[in-house]
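None of these values were measured; they are calculated from a predicted model.
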Amino acid sequence: MPLLSGRTVVVSGVGPGLGHQVAAAVMRDGGNAVLGARTEANLAKCAAGIDPDAAHTAYRTTDITDEAQCEALAALARERFGRIDAVVHVAAWDSHFGGLEDADFATWQAVLDVNLLGSLRMTRACLPALKEEGGSVVFIGTQSAVAAPSQVRQAAYAASKGALTSAMYSLARELGPYRIRVNTVLPGWMWGPPVQAYVRFAAQSEGVPEAAVLKRLTDRMALPELATDGDVADAAVFLVSDRARAITGQSLLVNAGELMR
């Protein structure tokens with residue numbers, strides 16, 4: 001029997017990268033995928049690519065800073081498939097760079113509203129359905145929340161994801177009696193559209209081949225290649241599945257061994 005046979009998984013933040021890979025992995029493993037993102041074109045493209053007959057997908061434009069839109073996405077899952085078994089939070093604001101000295105705290109607040117409070121809003125919207133049968137919440141965090149990267153400075157992003165990981169521990173205790181598990185996947189350098197764009201930009205800026213920039217990254221890993229967004233998606237699906245039925249309140253690094261804890 002497929003790993004997620006008959007299960008319905010809400011996936012926030014579906015774009016061309018990790019969100020798409022999570023949705024595709026849910027479909028591959030026999031589940032129903034309910035997709036949310038701010039850009040309808042991304043949702044339509046993803047759904048058509050993984051489920052041309054639209055038998056096991058549904059989508060709705062969703063800004064997770066808007067509580068009503070979160071509730072509408074959860075309602076869509078119930079209307080279409082009758083249940084919610086899991087929610088995987090990919091939606092994030094990860095494009096703000098800088099540290100403390102040059103911080104624009106208004107922007108930091110906006111980053112926190114998406115990455116921390118937005119994920120919690122979406123979780124709360126799904127709670128009534130999750131409480132019926134139990135289920136799983138998976139936050140996509142970042143290795144930067146536990147070890148600052150040397151190549152780029154993203155203090156606001158790291159702080160917001162660190163706060164989300166801390167919230168995970170409280171949620172695991174609070175929701176455990178309902179048999180709802182709460183875990184976090186922490187990607188490191190993840191080969192997908194954002195890192196591919198970084199490699200191209202760095203190579204052009206430095207006048208070196210892209211392979212040289214990529215080698216600089218992979219030389220930091222215990223394994224000789226970067227994890228991919230597909231690898232991270234597989235980790236999220238594992239945590240959603242019954243194979244992780246006794247796992248809650250945990251952070252799983254998917255980083256090819258760059259950082260070991």
Side-chain angles (χ1 to χ4, degrees), residues 12-13 15-19 22 37-38 63-66 88-123 137-172 182-206 213-214 216-221 226-229 231-232 235-236 249-261:
S12 73
L18 179 57
V22 171
R38 291 181 302 167
D63 182 341
I64 61 172
T65 65
D66 186 315
V88 179
H89 297 280
V90 182
W93 185 346
D94 62 357
S95 57
H96 179 66
F97 296 89
L100 177 63
E101 287 189 304
D102 58 352
D104 172 1
F105 285 128
T107 303
W108 277 54
Q109 287 180 320
V111 171
L112 284 161
D113 195 29
V114 175
N115 296 350
L116 173 61
L117 299 180
S119 297
L120 297 178
R121 286 186 196 97
M122 192 68 245
T123 299
V137 176
V138 178
F139 298 120
I140 303 297
T142 174
Q143 179 178 284
S144 298
V146 295
S150 57
Q151 292 87 351
V152 294
R153 185 174 294 166
Q154 286 183 289
Y157 177 64
S160 66
K161 289 294 192 175
L164 186 61
T165 298
S166 293
M168 173 200 71
Y169 298 121
S170 294
L171 292 179
V182 188
N183 294 288
T184 301
V185 178
L186 301 175
W189 287 92
M190 176 179 65
W191 190 247
V195 171
Q196 290 167 352
Y198 166 79
V199 168
R200 285 195 300 270
F201 173 78
Q204 291 169 2
S205 299
E206 298 172 22
V213 177
L214 182 58
R216 217 159 52 212
L217 298 179
T218 56
D219 281 349
R220 301 167 61 91
M221 314 299 167
L226 299 185
T228 69
D229 50 13
D231 295 321
V232 176
Q250 303 300 318
S251 297
L252 176 61
L253 283 160
V254 181
N255 64 358
E258 179 183 8
L259 172 70
M260 302 182 191
R261 301 176 73 227

Do V199 and L217 come within less than 4.5 Å of each other through their side chains, counting heavy atoms only? yes
What orientation do F139 and H89 show, parallel under 30°, tilted 30 to 60°, or perpendicular over 60°? parallel
Quick one, D229 and P193 - any side-chain contact, counting heavy atoms below 4.5 Å? yes
When rounded to the nearest 0.5 angstrom, what distance separates CD in Q196 from CG in L214? 10.0 Å
Identify, with sequence neighbours excluded, every residue that meets side chain to side chain donor-acceptor pair (under 3.5 Å) alongside R38. none
Can you find a heavy atom in the side chain of V88 that is under 4.5 Å from one in the side chain of V185? no
Which pair of non-hydrogen atoms, one from S160 and one from V111, has the smallest distance, and what is that distance? OG-CG1, 3.7 Å
Considering all heavy atoms of both residues, which atom of Y169 and which atom of G249 are nearest to each other, and what is their separation? CE2-O, 3.3 Å
Measuring from atom CD of Q143 to atom CE of M190, what distance do you get when rounded to the nearest 0.5 angstrom? 11.5 Å
Y157 to G141 - nearest heavy-atom pair and separation: OH-O, 4.1 Å
According to side chain to side chain donor-acceptor pair (under 3.5 Å), who are the partners of T65, at least two apart in sequence or on a separate chain? D63
Residues two or more places apart in sequence or in another chain: which of them pass side chain to side chain donor-acceptor pair (under 3.5 Å) with N183? none
Quick check: do L226 and V195 have side-chain heavy atoms less than 4.5 Å from each other? yes
Those residues that, when tested against A163, pass side chain to side chain contact (heavy atoms under 4.5 Å, CB included) (two or more places apart): L116
Specify the closest pair of heavy atoms between I64 and A91, including all atoms of both residues, with the distance to one decimal. CD1-CB, 3.7 Å
Donor-acceptor pair, distance only, cut-off 3.5 Å: does the side chain of K161 make one with the backbone of I140? yes
So OG1 of T218 and CD of E258: to nearest 0.5 Å the spacing works out to 10.5 Å
Distance in Å, Q109 CD paired with D104 CG, rounded so as to fall on 0.5 Å steps: 9.0 Å
By the salt bridge (Lys or Arg N to Asp or Glu O under 4.0 Å) test, which pairs, at least two apart or in different chains, include something from residues 107-116? D113-R121
Between A235 and V254, which heavy-atom pair has the shortest distance, and what is it? CB-CG2, 3.8 Å
Residues in side chain to side chain contact (heavy atoms under 4.5 Å, CB included) with A158, at least two apart? S144
Taking C-beta and beyond as the side chain, do L186 and L259 meet within less than 4.5 Å on heavy atoms? no
Within the structure provided, determine whether L112 and L117 are in side-chain contact (heavy-atom separation under 4.5 Å). no
Gap separating the CH2 atom of W108 from the CG atom of N115, nearest 0.5 angstrom: 12.0 Å
Where the side chain of D231 meets the backbone of T228, is there a donor-acceptor pair that is under 3.5 Å apart? yes
Would you give the length of the straight line joining atom CE of M168 to atom OG1 of T123, rounded to the nearest 0.5 angstrom? 12.5 Å
Whether the side chain of S12 engages the backbone of V90 through a donor-acceptor N/O pair (distance < 3.5 Å, no angle test) should be reported. yes
